[in-house]
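Lettering follows sequence order; numbering is per chain, from 1.
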2 protein chains.
Amino acid sequence: MRIGEAAVASGMTTKTLRFYEASGLLPATERATNGYRDYGADTTARLDFIRRSRAAGLTLAQIRDILQIRDVGEAPCMHVRDLLARQLADLDRQIAELLALRATVAEFHDAASEPDPAACDPDRICSYL
Amino acid sequence: MRIGEAAVASGMTTKTLRFYEASGLLPATERATNGYRDYGADTTARLDFIRRSRAAGLTLAQIRDILQIRDVGEAPCMHVRDLLARQLADLDRQIAELLALRATVAEFHDAASEPDPAACDPDRICSYL
DNA sequence: CTTGACCTTCCAGTGTAGGGGAAGGTACAG
DNA sequence: CTGTACCTTCCCCTACACTGGAAGGTCAAG
(Lines give C-alpha, C1' and ligand atoms only; values in the text may rest on other atoms or scores of the structure.)
Protein backbone atom coordinates (compact mmCIF):
# COMPACT_ATOMS: atom_id res chain seq x y z
CA MET A 1 0.00 0.00 0.00
CA ARG A 2 1.50 3.32 -1.03
CA ILE A 3 1.15 6.42 1.10
CA GLY A 4 -1.65 7.86 -1.03
CA GLU A 5 -3.77 4.73 -0.64
CA ALA A 6 -3.11 4.56 3.09
CA ALA A 7 -4.11 8.21 3.32
CA VAL A 8 -7.42 7.62 1.52
CA ALA A 9 -8.10 4.49 3.57
CA SER A 10 -7.61 6.37 6.83
CA GLY A 11 -9.14 9.65 5.78
CA MET A 12 -5.88 11.48 6.42
CA THR A 13 -3.51 13.30 4.13
CA THR A 14 -0.11 12.05 2.98
CA LYS A 15 1.35 15.02 4.83
CA THR A 16 -0.18 13.77 8.06
CA LEU A 17 1.16 10.24 7.58
CA ARG A 18 4.71 11.47 7.02
CA PHE A 19 4.29 13.78 10.00
CA TYR A 20 3.14 10.83 12.16
CA GLU A 21 6.16 8.85 11.05
CA ALA A 22 8.48 11.73 11.94
CA SER A 23 6.65 12.07 15.28
CA GLY A 24 7.16 8.42 16.17
CA LEU A 25 3.53 7.32 15.83
CA LEU A 26 4.21 5.25 12.76
CA PRO A 27 7.32 3.09 12.43
CA ALA A 28 9.62 3.72 9.48
CA THR A 29 8.10 1.60 6.76
CA GLU A 30 9.60 -0.70 4.21
CA ARG A 31 10.51 1.09 1.04
CA ALA A 32 9.95 -0.14 -2.48
CA THR A 33 12.96 -0.15 -4.80
CA ASN A 34 11.95 3.29 -6.02
CA GLY A 35 12.05 4.68 -2.51
CA TYR A 36 8.30 4.86 -2.05
CA ARG A 37 6.88 3.90 1.36
CA ASP A 38 5.14 0.53 1.35
CA TYR A 39 2.60 0.12 4.13
CA GLY A 40 1.28 -3.21 5.39
CA ALA A 41 -2.36 -3.84 6.26
CA ASP A 42 -1.65 -3.29 9.97
CA THR A 43 -1.00 0.35 9.25
CA THR A 44 -4.69 0.93 8.60
CA ALA A 45 -5.60 -0.49 12.01
CA ARG A 46 -2.91 1.68 13.60
CA LEU A 47 -4.20 4.78 11.88
CA ASP A 48 -7.75 3.93 12.95
CA PHE A 49 -6.51 3.66 16.51
CA ILE A 50 -4.83 7.02 16.22
CA ARG A 51 -8.03 8.54 14.89
CA ARG A 52 -10.14 7.08 17.69
CA SER A 53 -7.63 8.30 20.25
CA ARG A 54 -7.59 11.78 18.73
CA ALA A 55 -11.39 11.76 18.89
CA ALA A 56 -11.06 11.05 22.60
CA GLY A 57 -8.99 14.20 22.90
CA LEU A 58 -5.64 12.49 23.47
CA THR A 59 -2.55 14.32 22.28
CA LEU A 60 -0.18 12.77 19.79
CA ALA A 61 2.37 12.39 22.61
CA GLN A 62 -0.09 10.37 24.68
CA ILE A 63 -1.03 8.22 21.70
CA ARG A 64 2.64 7.65 20.95
CA ASP A 65 3.15 6.39 24.51
CA ILE A 66 0.32 3.89 24.17
CA LEU A 67 1.62 2.69 20.83
CA GLN A 68 5.12 2.24 22.23
CA ILE A 69 3.79 0.05 25.02
CA ARG A 70 1.95 -2.07 22.50
CA ASP A 71 5.02 -2.16 20.28
CA VAL A 72 7.21 -3.72 22.97
CA GLY A 73 4.58 -6.45 23.28
CA GLU A 74 2.76 -5.38 26.43
CA ALA A 75 -0.93 -4.64 26.77
CA PRO A 76 -1.40 -0.90 27.32
CA CYS A 77 -4.77 -1.37 29.09
CA MET A 78 -3.63 -0.15 32.51
CA HIS A 79 -1.84 2.79 31.03
CA VAL A 80 -4.87 3.66 28.92
CA ARG A 81 -7.18 3.44 31.92
CA ASP A 82 -4.98 5.83 33.91
CA LEU A 83 -4.70 8.13 30.93
CA LEU A 84 -8.47 8.21 30.51
CA ALA A 85 -8.92 8.93 34.21
CA ARG A 86 -6.54 11.87 33.98
CA GLN A 87 -8.22 12.99 30.77
CA LEU A 88 -11.59 12.97 32.54
CA ALA A 89 -10.24 14.98 35.46
CA ASP A 90 -8.64 17.41 33.05
CA LEU A 91 -11.85 17.81 31.08
CA ASP A 92 -13.78 18.44 34.28
CA ARG A 93 -11.31 21.12 35.23
CA GLN A 94 -11.49 22.76 31.82
CA ILE A 95 -15.28 22.65 31.82
CA ALA A 96 -15.41 24.20 35.28
CA GLU A 97 -13.04 26.95 34.15
CA LEU A 98 -15.10 27.68 31.07
CA LEU A 99 -18.33 27.74 33.09
CA ALA A 100 -16.78 30.22 35.51
CA LEU A 101 -15.56 32.34 32.61
CA ARG A 102 -18.99 32.13 31.02
CA ALA A 103 -20.59 33.44 34.22
CA THR A 104 -18.15 36.35 34.30
CA VAL A 105 -18.73 37.22 30.67
CA ALA A 106 -22.50 36.88 31.09
CA GLU A 107 -22.37 39.44 33.90
CA PHE A 108 -20.40 41.86 31.76
CA HIS A 109 -22.77 41.28 28.86
CA ASP A 110 -25.86 41.87 30.97
CA ALA A 111 -24.38 45.14 32.20
CA ALA A 112 -23.55 46.17 28.66
CA SER A 113 -27.08 45.40 27.52
CA GLU A 114 -28.47 48.07 29.79
CA PRO A 115 -26.58 51.03 28.41
CA ASP A 116 -25.90 53.68 30.99
CA PRO A 117 -24.17 56.65 29.34
CA ALA A 118 -23.52 58.14 32.75
CA ALA A 119 -21.30 55.17 33.63
CA CYS A 120 -19.14 55.80 30.60
CA ASP A 121 -15.77 56.99 31.84
CA PRO A 122 -13.15 57.41 29.12
CA ASP A 123 -10.36 56.92 31.65
CA ARG A 124 -11.65 53.45 32.27
CA ILE A 125 -11.64 52.73 28.50
CA CYS A 126 -14.96 50.89 28.80
CA SER A 127 -17.06 50.61 31.93
CA TYR A 128 -18.43 47.26 30.83
CA LEU A 129 -15.14 45.48 31.26
CA MET B 1 7.08 56.05 35.55
CA ARG B 2 9.69 53.70 34.13
CA ILE B 3 8.81 50.36 32.62
CA GLY B 4 9.80 48.42 35.73
CA GLU B 5 7.52 50.48 37.94
CA ALA B 6 4.64 50.17 35.47
CA ALA B 7 5.23 46.43 35.40
CA VAL B 8 5.06 46.13 39.18
CA ALA B 9 2.00 48.39 39.32
CA SER B 10 0.15 46.26 36.80
CA GLY B 11 1.43 42.89 37.91
CA MET B 12 2.96 42.23 34.52
CA THR B 13 6.55 41.82 33.37
CA THR B 14 8.56 44.41 31.48
CA LYS B 15 8.73 41.90 28.66
CA THR B 16 4.95 41.88 28.47
CA LEU B 17 4.72 45.66 28.39
CA ARG B 18 7.17 45.93 25.50
CA PHE B 19 5.29 43.13 23.79
CA TYR B 20 2.01 45.01 24.22
CA GLU B 21 3.58 48.12 22.75
CA ALA B 22 4.86 46.16 19.75
CA SER B 23 1.39 44.59 19.43
CA GLY B 24 -0.35 47.95 19.33
CA LEU B 25 -2.06 47.72 22.72
CA LEU B 26 0.10 50.41 24.24
CA PRO B 27 1.02 53.56 22.32
CA ALA B 28 4.69 54.34 21.83
CA THR B 29 5.58 56.21 24.98
CA GLU B 30 7.59 59.32 25.57
CA ARG B 31 11.23 58.60 26.09
CA ALA B 32 13.48 60.17 28.68
CA THR B 33 16.76 61.64 27.41
CA ASN B 34 18.48 58.34 28.13
CA GLY B 35 16.04 56.48 25.91
CA TYR B 36 14.07 54.90 28.75
CA ARG B 37 10.31 54.67 28.32
CA ASP B 38 8.40 57.14 30.48
CA TYR B 39 4.83 56.11 31.22
CA GLY B 40 2.06 58.45 32.36
CA ALA B 41 -0.49 57.57 35.02
CA ASP B 42 -3.06 56.68 32.36
CA THR B 43 -0.94 53.68 31.43
CA THR B 44 -1.86 51.96 34.67
CA ALA B 45 -5.57 52.31 33.92
CA ARG B 46 -4.96 51.00 30.41
CA LEU B 47 -3.07 47.99 31.70
CA ASP B 48 -5.82 47.33 34.23
CA PHE B 49 -8.32 47.38 31.40
CA ILE B 50 -6.21 44.94 29.46
CA ARG B 51 -6.02 42.64 32.46
CA ARG B 52 -9.78 42.75 33.02
CA SER B 53 -10.36 42.04 29.36
CA ARG B 54 -7.91 39.13 29.39
CA ALA B 55 -9.75 37.79 32.43
CA ALA B 56 -12.92 37.89 30.33
CA GLY B 57 -11.19 35.68 27.81
CA LEU B 58 -10.75 38.33 25.12
CA THR B 59 -7.78 37.96 22.79
CA LEU B 60 -5.17 40.67 22.48
CA ALA B 61 -6.51 41.42 18.99
CA GLN B 62 -9.99 42.03 20.35
CA ILE B 63 -8.66 44.20 23.16
CA ARG B 64 -6.59 46.18 20.67
CA ASP B 65 -9.74 46.86 18.64
CA ILE B 66 -11.56 48.20 21.70
CA LEU B 67 -8.61 50.38 22.65
CA GLN B 68 -8.36 51.78 19.15
CA ILE B 69 -12.01 52.81 19.19
CA ARG B 70 -11.46 54.55 22.50
CA ASP B 71 -8.27 56.14 21.18
CA VAL B 72 -10.04 57.83 18.28
CA GLY B 73 -12.40 59.35 20.86
CA GLU B 74 -15.45 57.14 20.44
CA ALA B 75 -17.15 55.09 23.13
CA PRO B 76 -16.56 51.40 22.43
CA CYS B 77 -19.68 50.31 24.36
CA MET B 78 -21.59 48.96 21.37
CA HIS B 79 -18.57 47.18 20.04
CA VAL B 80 -17.87 45.69 23.46
CA ARG B 81 -21.46 44.50 23.80
CA ASP B 82 -21.31 42.72 20.45
CA LEU B 83 -17.93 41.27 21.32
CA LEU B 84 -19.26 39.95 24.63
CA ALA B 85 -22.27 38.42 22.89
CA ARG B 86 -20.00 36.60 20.46
CA GLN B 87 -17.73 35.59 23.31
CA LEU B 88 -20.72 34.10 25.15
CA ALA B 89 -21.81 32.16 22.08
CA ASP B 90 -18.27 30.94 21.57
CA LEU B 91 -17.97 29.84 25.18
CA ASP B 92 -21.27 27.98 24.93
CA ARG B 93 -20.01 26.18 21.86
CA GLN B 94 -16.72 25.27 23.54
CA ILE B 95 -18.51 24.06 26.67
CA ALA B 96 -20.87 21.92 24.61
CA GLU B 97 -17.92 20.42 22.75
CA LEU B 98 -16.09 19.63 25.96
CA LEU B 99 -19.21 18.09 27.51
CA ALA B 100 -19.64 15.86 24.47
CA LEU B 101 -15.98 14.89 24.64
CA ARG B 102 -16.31 14.21 28.34
CA ALA B 103 -19.21 11.84 27.69
CA THR B 104 -17.17 9.97 25.10
CA VAL B 105 -14.14 9.71 27.36
CA ALA B 106 -16.32 8.65 30.31
CA GLU B 107 -17.66 5.77 28.24
CA PHE B 108 -14.17 4.65 27.32
CA HIS B 109 -13.06 4.97 30.90
CA ASP B 110 -15.98 2.93 32.23
CA ALA B 111 -15.18 0.19 29.74
CA ALA B 112 -11.52 0.26 30.76
CA SER B 113 -12.45 0.00 34.43
CA GLU B 114 -14.01 -3.42 33.88
CA PRO B 115 -10.95 -5.18 32.52
CA ASP B 116 -11.83 -7.94 30.10
CA PRO B 117 -8.64 -9.72 29.03
CA ALA B 118 -10.60 -11.58 26.36
CA ALA B 119 -11.37 -8.30 24.62
CA CYS B 120 -7.70 -7.52 24.33
CA ASP B 121 -6.79 -7.71 20.67
CA PRO B 122 -3.22 -6.66 19.89
CA ASP B 123 -4.24 -5.82 16.32
CA ARG B 124 -6.56 -3.20 17.70
CA ILE B 125 -3.70 -1.75 19.83
CA CYS B 126 -6.08 -1.24 22.73
CA SER B 127 -9.70 -2.37 22.87
CA TYR B 128 -10.61 0.48 25.19
CA LEU B 129 -10.14 3.13 22.58
C1' DC C 1 36.53 52.22 39.54
C1' DT C 2 33.52 48.74 39.83
C1' DT C 3 29.39 46.47 40.94
C1' DG C 4 24.62 45.86 40.39
C1' DA C 5 20.19 47.18 39.06
C1' DC C 6 18.06 49.08 35.75
C1' DC C 7 17.13 50.00 30.77
C1' DT C 8 17.59 49.35 25.29
C1' DT C 9 17.06 46.45 20.82
C1' DC C 10 16.74 42.28 18.33
C1' DC C 11 16.49 37.36 17.45
C1' DA C 12 14.73 33.04 18.51
C1' DG C 13 11.98 29.59 20.84
C1' DT C 14 7.84 27.58 23.40
C1' DG C 15 3.66 23.87 22.21
C1' DT C 16 0.08 21.73 18.94
C1' DA C 17 -0.92 19.43 14.68
C1' DG C 18 -0.15 19.70 10.79
C1' DG C 19 -0.27 22.78 5.85
C1' DG C 20 2.17 25.05 1.71
C1' DG C 21 5.15 24.81 -1.65
C1' DA C 22 9.80 24.09 -3.91
C1' DA C 23 12.86 21.01 -6.38
C1' DG C 24 13.33 16.76 -8.08
C1' DG C 25 12.58 11.40 -8.97
C1' DT C 26 9.27 7.63 -11.00
C1' DA C 27 5.79 5.23 -13.61
C1' DC C 28 2.54 4.84 -17.08
C1' DA C 29 -0.61 6.45 -20.90
C1' DG C 30 -1.00 8.50 -25.31
C1' DC D 1 8.53 12.67 -26.11
C1' DT D 2 5.34 14.62 -23.11
C1' DG D 3 1.83 15.02 -19.85
C1' DT D 4 0.10 13.71 -15.38
C1' DA D 5 -0.21 11.65 -11.24
C1' DC D 6 2.20 9.97 -8.08
C1' DC D 7 6.22 9.90 -4.82
C1' DT D 8 10.68 11.88 -2.21
C1' DT D 9 13.05 15.34 1.07
C1' DC D 10 13.49 19.91 2.75
C1' DC D 11 12.35 24.07 4.99
C1' DC D 12 9.16 27.55 6.30
C1' DC D 13 4.45 29.04 7.99
C1' DT D 14 0.08 29.19 10.90
C1' DA D 15 -2.24 31.01 15.81
C1' DC D 16 -1.51 32.52 20.66
C1' DA D 17 0.81 35.19 24.19
C1' DC D 18 4.46 35.61 25.64
C1' DT D 19 9.54 34.20 27.46
C1' DG D 20 14.72 33.71 27.25
C1' DG D 21 18.88 35.38 26.23
C1' DA D 22 22.57 38.06 23.98
C1' DA D 23 24.96 42.40 23.55
C1' DG D 24 25.17 46.72 25.06
C1' DG D 25 23.85 51.59 27.34
C1' DT D 26 22.79 54.31 31.99
C1' DC D 27 22.92 55.55 36.62
C1' DA D 28 23.60 55.63 41.64
C1' DA D 29 26.08 53.63 45.55
C1' DG D 30 30.23 52.07 47.77
Side-chain angles (χ1 to χ4, degrees), chain A residues 1-39 43 46-47 49-67 83 87 90-91 94 97-98 101, chain B residues 1-40 43 46-47 49-67 83 86-87 90-91 94 97-98 101:
Chain A
M1 197 167 35
R2 291 194 308 189
I3 195 170
E5 301 172 75
V8 169
S10 62
M12 300 170 175
T13 67
T14 59
K15 277 282 190 189
T16 299
L17 265 60
R18 290 193 200 94
F19 175 70
Y20 283 174
E21 179 179 320
S23 305
L25 282 97
L26 290 180
T29 59
E30 302 266 316
R31 297 294 181 119
T33 53
N34 55 12
Y36 290 10
R37 286 172 180 78
D38 187 12
Y39 293 102
T43 299
R46 201 176 176 95
L47 289 173
F49 174 77
I50 295 175
R51 204 162 27 66
R52 289 196 304 274
S53 302
R54 292 280 300 131
L58 299 188
T59 65
L60 295 188
Q62 291 172 323
I63 300 170
R64 184 179 51 219
D65 290 347
I66 299 173
L67 289 168
L83 208 51
Q87 179 77 344
D90 202 45
L91 282 171
Q94 284 183 53
E97 274 178 22
L98 282 186
L101 181 56
Chain B
M1 197 167 35
R2 290 192 310 190
I3 196 170
E5 300 171 76
V8 169
S10 62
M12 300 171 175
T13 67
T14 59
K15 279 280 190 190
T16 299
L17 264 61
R18 291 194 199 94
F19 174 70
Y20 282 174
E21 180 181 317
S23 306
L25 282 95
L26 291 180
T29 59
E30 303 264 316
R31 296 294 181 117
T33 53
N34 55 12
Y36 291 9
R37 287 173 179 79
D38 188 13
Y39 293 102
T43 298
R46 201 177 176 95
L47 289 172
F49 174 78
I50 295 175
R51 205 162 25 66
R52 289 196 304 273
S53 302
R54 292 279 301 132
L58 299 188
T59 65
L60 295 188
Q62 291 172 322
I63 300 170
R64 185 179 51 220
D65 290 346
I66 299 173
L67 288 169
L83 208 52
R86 258 176 290 149
Q87 179 76 346
D90 202 45
L91 283 172
Q94 283 183 55
E97 274 177 21
L98 282 186
L101 182 56

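Between I63(A) atom CD1 and dA17(C) atom P the separation is 8 Å, expressed in whole Å. Here dG20(C) presents its C1' atom at 15 Å from CZ of F19(A), a figure rounded to the nearest Å. Protein atom NZ of K15(A) is 13 Å distant from nucleotide atom P of dC11(D), rounded to whole Å. One atom, CD of Q94(B), and another, P of dC16(D), lie 13 Å apart when rounded to the nearest Å. Between D38(A) atom CG and dC7(D) atom P there is a gap of 12 Å when expressed in whole angstrom units. Here the C1' atom of nucleotide dA17(C) and the OH atom of Y20(A) are 7 Å apart, to the nearest Å.
Where the helix from dC1(C)-dG30(D) to dG30(C)-dC1(D) starts and where it ends, the local axes point in directions that differ by 40°; five pairs per end, rounded to 10°.
Taking side-chain N and O atoms only, T14(A) has no distance below 4.0 Å to OP1 or OP2 of dC6(D). A close approach under 4.0 Å does not occur between any side-chain nitrogen or oxygen of R2(B) and OP1 or OP2 of dC6(C). Within the 4.0 Å cut-off from OP1 or OP2 of dT9(C), at least one side-chain nitrogen or oxygen of R31(B) is found. A close approach under 4.0 Å does not occur between any side-chain nitrogen or oxygen of R37(B) and OP1 or OP2 of dC7(C).
No contact: S23(B) has no heavy atom under 4.0 Å from any strand.
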